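Everything numeric in this text was worked out from a predicted model, so none of it was measured. Indexing begins at 1, ligand by ligand and atom by atom, following the structure's order.
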Amino acid sequence: MAILNILHFPDPLLRNQARPVKKVDDSLRELLDDMLETMYQAPGIGLAAIQVNDLRRVVVIDISDEHDQPICLINPEILQKEGEEKMDEGCLSVPGIYEKVTRAKHILVRALNREGDTIEMEADGLLAVCIQHEIDHLDGKLFIDYLSNLKHQRIRKKLEKESRQKQSDPETVKRAI
Ligand code: GNR
Ligand code: NI
């Protein structure tokens, strides 16, 4: 197992489109395990492979407090959406920013599980929000894309500044050497 490096906005790699997985094998299960470990450590309730610079179309989610209900979705698709709900969202790739986003309240999802079986699941509440947020990542989309241009620009400037400060931080320079 390994902790993977999470990319931060405005890294252009976060705009990549993920590619469907053709075969569910041990190499894919290893990625899923590393993603779960990375997500729990962050800590977060979801992670898309794109966020760790892997183009495979997979996400991991666990909204339980005990970190004992991991969900792995491979090639996930939303088959049905119903209703609307506005919820506060955050993202491990946009650290420190929390904003309200409107999404479907209830969804039906089809995906492969880690054994390669096709599964269908219904979700609402936080789980539905999280699944929609993760599938957006697989299509190069971030939750801040739903905000006004002005808010989007402000967030970009704030994170660009933080990233510049990190680059000149003596600890970061030491690690780079
Ligand atoms: O940890 C996360 N919390 C969260 C809260 C509200 C809506 C979506 C999320 S997902 C986020 C982890 C993440 O960035 N996944 O891509
Ligand atoms: Ni995210």
Under a 4.0 angstrom heavy-atom cut-off, which atoms of ligand 1 come close to [X]?
X    : answer
G90  : 4 (C), 5 (C), 6 (C), 8 (C), 9 (C), 10 (S), 11 (C)
H137 : 16 (O)
D88  : 6 (C)
G44  : 1 (O)
C91  : 14 (O)

Are more than 12 heavy atoms from other residues, nucleotides or ligands located less than 6.0 Å from atom [atom1] of [X]?
X    : atom1 : value
D88  : CG    : yes
R15  : CZ    : yes
R154 : CZ    : no

Can you tell me which residue and heavy atom of the protein come closest to [atom], and the distance to 0.1 Å?
atom                    : value
atom 12 (C) of ligand 1 : G46 O, 3.2 Å
atom 8 (C) of ligand 1  : H133 ND1, 3.6 Å
atom 15 (N) of ligand 1 : E134 OE2, 2.7 Å
atom 7 (C) of ligand 1  : E89 CG, 3.5 Å
atom 1 (O) of ligand 1  : I45 N, 3.0 Å

Salt-bridge contact [X]-[Y] (side-chain N to carboxylate O under 4.0 Å):
X    : Y    : answer
E162 : K166 : no
R114 : D26  : no
R110 : E120 : yes
D139 : K141 : no

Legend entry - Where the Ni ion (ligand 2) is the vertex, angle from C91 SG to H137 NE2 to 10°: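 The angle at the Ni ion (ligand 2) comes to 100°, rounded to the nearest 10°.
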Inset, instruction - Answer side chain, backbone, both or neither: which part of Q51 comes under 4.0 Å from ligand 1, heavy atoms only. - result: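 Within the 4.0 Å criterion, Q51 contacts ligand 1 through side-chain atoms alone.
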Inset, instruction - Calculate, to the nearest 0.5 Å, the distance between atoms CD1 and SG belonging to I144 and C91 respectively. - result: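 SG of C91 is found 8.0 Å from CD1 of I144.
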Inset, instruction - Check step by step if side-chain contact (heavy atoms from CB on, under 4.5 Å) holds for E85 and T102. - result: CA-CA 5 Å; E85 191 170 31; T102 302; over 6 Å; no
Inset, instruction - Using heavy-atom distances, let me know which of V129, L142, V101, L92 sits nearest atom 14 (O) of ligand 1. - result: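 Selected option, by shortest heavy-atom distance: L92.
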